[in-house]
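Notes for the one structure printed next.
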Amino acid sequence: MTRWPEPALVSKLEDPSLNTVDMTVNIGPQHPATHGVFRMVLTIDGEMVVDCEPYIGYLHRGLEKLSENNDYRQAMGYWDRTDYLAGMACEAAYCYAVEKISGVTVPERAEYIRVIMAELSRINSHFMFLGAFGADVGSFGTSFVYAWRERERIYDFFEEVAGDRMFPTYIKIGGVAMDLPDNFESRVRWLLGSINQGLEDLDGLLTGNEIFVERCRDLAPMTAERAIALGITGPVLRATGIPWDIRKAEPYGVYDRLKFDIPVGRQGDIFDRFFVRLSEMYQSTRIIEQCLDQMPGGLVLNPDLPKTLRIDNAEAYFRYEGTKGEYGVYAMARGGNKPYRMKLRSPSFCNLSALREMVVGTYVADAIIILGSLDIVLGEVDK
Amino acid sequence: MTFGDPFFGYSWLDAIIRVVIVVLVMTVFVMYWTYGERKLVARMQMRLGPMRTGPYGLLQAIADSLKLIAKEDIRPAAADRWVFEFAPYLTFIPVLMVLAVLPFAQDWGVRNLSMGLFYVFAVLGLNIVGIMMAGLGSGNKFALLGGVRAAGQMVSYEIPLVMSLLSVAMIAGTLDLDAIAAMQHYRPFILLQPLAFLIFFTAMLSELHRAPFDIPVAESEISGGYFVEYSGIRWSMFQLTEYASMIAWSVFGSVIFLGGWEYPKGGDWGWGWQLTLTLIKSVVWIAAIIWVRTTVPRLRIDQLMAFCWKVLLPLALVQLLMNGFILVYDWPQELLFVTSGLGAALLVGIIIARAIRRPKKTSGLVGTYRQVQGTPV
Amino acid sequence: MVPLENYLVLSAIIFSLGVYGVLARRNAVLVLMSVELMLNAVSLNFIAFAAYLDPNKVTGAIFAVFVITVAAAEVGLALAIVIRLFRNRATSNVDEAATMKW
Amino acid sequence: MATEVLWWIFAAAIVGTSAGVVFSRSVIHSAIFLILSLGGVGAMYVFLTVEFLALVQFLIYGGAVTVLILLALMLTRVDASGKPERVNGTQAPWALIVGGVLGALLVIVALKTTWPGNLSDKPAQIDLNLISQRLFVDFGAPFVIASVLLLVALVGAIILARQEDGD
């Protein structure tokens, strides 16, 4: 049973002659369910949502303009604040894009490190999703705390490697900033064990819960055609059944040497989105294990890198599989040490465009978990 | 020592003294139960809970109450003044009235009414009025939504609740809470009426707005529901009401189903043991409520109503009918256990049958993974 | 102690207040509330009569039970009508619901 | 004596709150006055030693009827449109006259009549068993009819309030 807008509601939206009093409820920008400073204005008729109007921009910092006014190295600090749950992945995407227009090569060891860091960031971000989504559905923070334990360990690990937890600026153009600590491999393997344990816990808490499944199943399903038409990427797209993953489609880094599966859903409902993310985390741990096995020695930073990077006329679009979807960086250089134009195609922003049509016709309580299932990060939406 | 006699000659004075004692004990219990709940929830969530105020955070309850008393009492400009300000107290009065008839030990309550059971559920239903006043008077849409939800929920769940209590009252043949407790000398009524117990527990969670039925106060949806605009002392009145009614429900439920102060050996071992029994049972009862709260997500409003009207109510009605047959024709009492147990098995079976449709653990779903090589579709 | 007349006068006052409310107030819900007042006055009368005049003291209480039943049924139906009216007309004023059909 | 004083306090409260129901400006205040008034009448039942009926009054009126009324008020809030609600219709003066005359008439009748066989000043205790005996045996048929009435009302209310297609 699908729950798209019922005919009655649709006709009510379009027919002004029937005069019923709807209520407008403002959810956000300060609301526990909006995961940041997102705001949506719901028009509700009793408990049913008849209209939804999202408002964004409360966290706009002018990332693209800031990048134009800082040189390639300095702008890095702004980029890992886009998807602030996966700072390492954003840095990597930025670096790949700049490397693509400048032609700087990256040592192999650094590529592996980047993959490990990006996948750990993905796990981190998805843990945040699982925890917050459980809280949205109403499990009183238990899922949140479960997720938080693993996140804390990952952040501790980042701190050990890079000296900072959320915004490490560890990945540099031409490699990574410094080599790994000595106990790196055993540390990562321990971390992976802990992550697997945390995943088992969360899996048992949420996936095994009848009420949770009942709340999520068959809610706001999205067809593959509609998802493609809206430009949706990432787990939300894969939940509709399309195995589209940039890491497979246009492999960058060393992803073509690694074995992993793309989890896809069946019908694109909330439960599939949840489940795709959960499964992706297992795949990420698999990727990290392979990286540890294959990782060569050697340098981690291109030694031929000039002190100040200057790029002549060049432009490139680099698509990166961010945690939320296709994290596309468009870079354009016209000489000098600063980019002429940087553009971010942020996946959260594009995924958010599906919100209205999914929310209309559902209950208020559903609207909250639909928003949660899109897993937006406001730093990325507002840029 | 018996508590049945008045402390002083005058029955009014005696009643007032007893009320004061009950309220004081209840308030202290609530203060420390909030601490206990935080510790318990923290343990379930792999945390430590309050640790900083005093040894093991023991002074946390006092710090919290001081903070709440000192906090500014805010009234929104759009609020309906009198409705807004009196709503918290109106929610508290029914709970207080209920505490006055609960038997905490043999003959030890404020007063024992011959219609105690009826009184309890008649009066406990009244605090919805205060909740709706809060929802209407706050001038806030979240509060209004919370009030509407609370009203629908309480009106619906009152019916299975009353049905489950009636089925026990039929067996007991009395509405006197003390007599009902005393009747369970050999076996508590939960053994005779497991289905009624399950229905009672579920409906009680709903009446208390506890997870998974915390829809009226859903923090992630309507951010607190009817008390979203309250602060300081009035907010703490709502909190006090919630916890006090939790205590009232747990004592009431343990009297009805678990034997109250009587089972086991309450009548033989004296009042000390009886009070201990009441304490143990109500603490376990409340801990169960909190356990449920920590682990399950929230239902949606239509699922909540469907569960009430399509599952709980028919089962409760059938049980009432079966009880009637068994009691009128004087069939052996063991049949009560059989029929009610079958009903309980059916209820659990319904839930399990619905849960079977869910996917197994993650590894069971490998079929949906697709190994994709090269460029995808 | 309290004589029967006191109850009768009290219920007469409540009843006439209810009559005034039904006739004067225009909000459908308020009209309903006034009807509730009148019904209450009636059942108070029943019980007072039973308690003072009826030898076995019970019949009045049973009639009051019936009155309460009817009141509950009436409120359920009437509020359904009010909500229906409000959905279609965006008003709960009984004067504006004078047409037989719309 | 104490009972008498309490009675007068409650009587005054009932009259005051009932007047509040019909005269107050805000519908919500009316509803809350109604709750208090009904509660006062419940207390009157206690004075008349019919505690059972007082509890029925609390359960049905306090727990169900007034909740329904408040719910209807929440669902039909008039302040959404912004204009203040008109308290009284055009026939308010006539209503005042009718209500006043009716009330005066009733009071006069109540006071002038000598009630036959005023058995005792203090009503006797009413037994719950007796009530159930009368209700389920002597008044069995009306009881069944009343339950059917409730059922019909329930179904009717559901049909009326249900949102049909195209509405």
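These numbers were taken from a predicted model, which means no experiment stands behind them.
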Tell me, for C:Ser43 versus chain D, whether the close heavy atoms (under 4.5 Å) come from the side chain, the backbone, both or neither.
-> both
Under 4.5 Å from a heavy atom of chain D, the part of C:Leu17 involved | both
Give the member of D:Val56, D:Leu96, D:Ile145 that has the highest number of heavy-atom pairs under 4.5 Å with chain C.
-> D:Leu96
Check whether D:Ile69 gets within reach of chain C through its side chain, its backbone, both or neither, counting any heavy atom under 4.5 Å.
-> both
Quick one: does C:Tyr20's side chain get under 4.5 Å of D:Leu102's, heavy atoms only?
-> no
Taking the side chain as C-beta and beyond, is there a heavy-atom pair between C:Asn40 and C:Leu44 under 4.5 Å?
-> no
Determine the option with the most heavy-atom pairs under 4.5 angstrom with chain C, choosing from D:Trp94, D:Phe52, D:Phe143, D:Phe33.
-> D:Phe143
Check whether D:Tyr61 gets within reach of chain C through its side chain, its backbone, both or neither, counting any heavy atom under 4.5 Å.
-> side chain
Would you give the length of the straight line joining atom CD1 of C:Ile14 to atom CG of C:Leu39, rounded to the nearest 0.5 angstrom?
-> 12.0 Å
What distance do D:Leu38 atom CG and C:Ile68 atom CD1 have between them, rounded to the nearest 0.5 Å?
-> 9.5 Å
Check each atom of C:Ile47 against the heavy atoms of chain D and say whether the ones under 4.5 Å are side chain, backbone, both or neither.
-> both
What option among C:Val70, C:Val65, C:Leu37 has the most heavy-atom pairs under 4.5 Å with chain D?
-> C:Leu37
Given that the side chain runs from C-beta out, which part of D:Ile60 has a heavy atom under 4.5 Å from chain C: side chain, backbone, both or neither?
-> side chain
Region of D:Phe139 that comes under 4.5 Å of a non-hydrogen atom in chain C | both
Among D:Gly156, D:Pro142, D:Ser147, single out the residue with the greatest number of heavy-atom pairs under 4.5 Å to chain C.
-> D:Pro142
D:Thr17 side chain to D:Ala13 backbone, donor-acceptor under 3.5 Å | yes
Chain C contact via D:Ser37 - which portion, at a heavy-atom distance below 4.5 Å | side chain
Ranking D:Ala95, D:Ala153, D:Ala19, D:Gly99 by heavy-atom pairs under 4.5 Å to chain C gives rank one to D:Ala95
Measure the CH2-CG distance between D:Trp7 and C:Leu10 for me, rounded to the nearest 0.5 Å.
-> 5.0 Å
Considering non-hydrogen atoms only, spot the tightest contact between D:Leu70 and D:Ala31 and give its length.
-> CD2-CB, 3.9 Å
Check each atom of C:Ile13 against the heavy atoms of chain D and say whether the ones under 4.5 Å are side chain, backbone, both or neither.
-> side chain
Closest heavy-atom pair, D:Gly20 versus D:Ser30, reported as atoms and distance to 0.1 Å, is O-OG, 4.0 Å
Do you know which of D:Leu151, D:Val98, D:Leu135 has the most heavy-atom pairs under 4.5 Å to chain C?
-> D:Leu135
At a heavy-atom separation under 4.5 Å, does C:Phe63 approach chain D through its side chain, its backbone, both, or neither?
-> side chain
Smallest heavy-atom separation, D:Met44 atom then C:Tyr7 atom, equals SD-CE2, 3.7 Å
Kindly say whether D:Val21 contributes a backbone atom to a donor-acceptor pair with the side chain of D:Ser24 at under 3.5 angstrom?
-> no
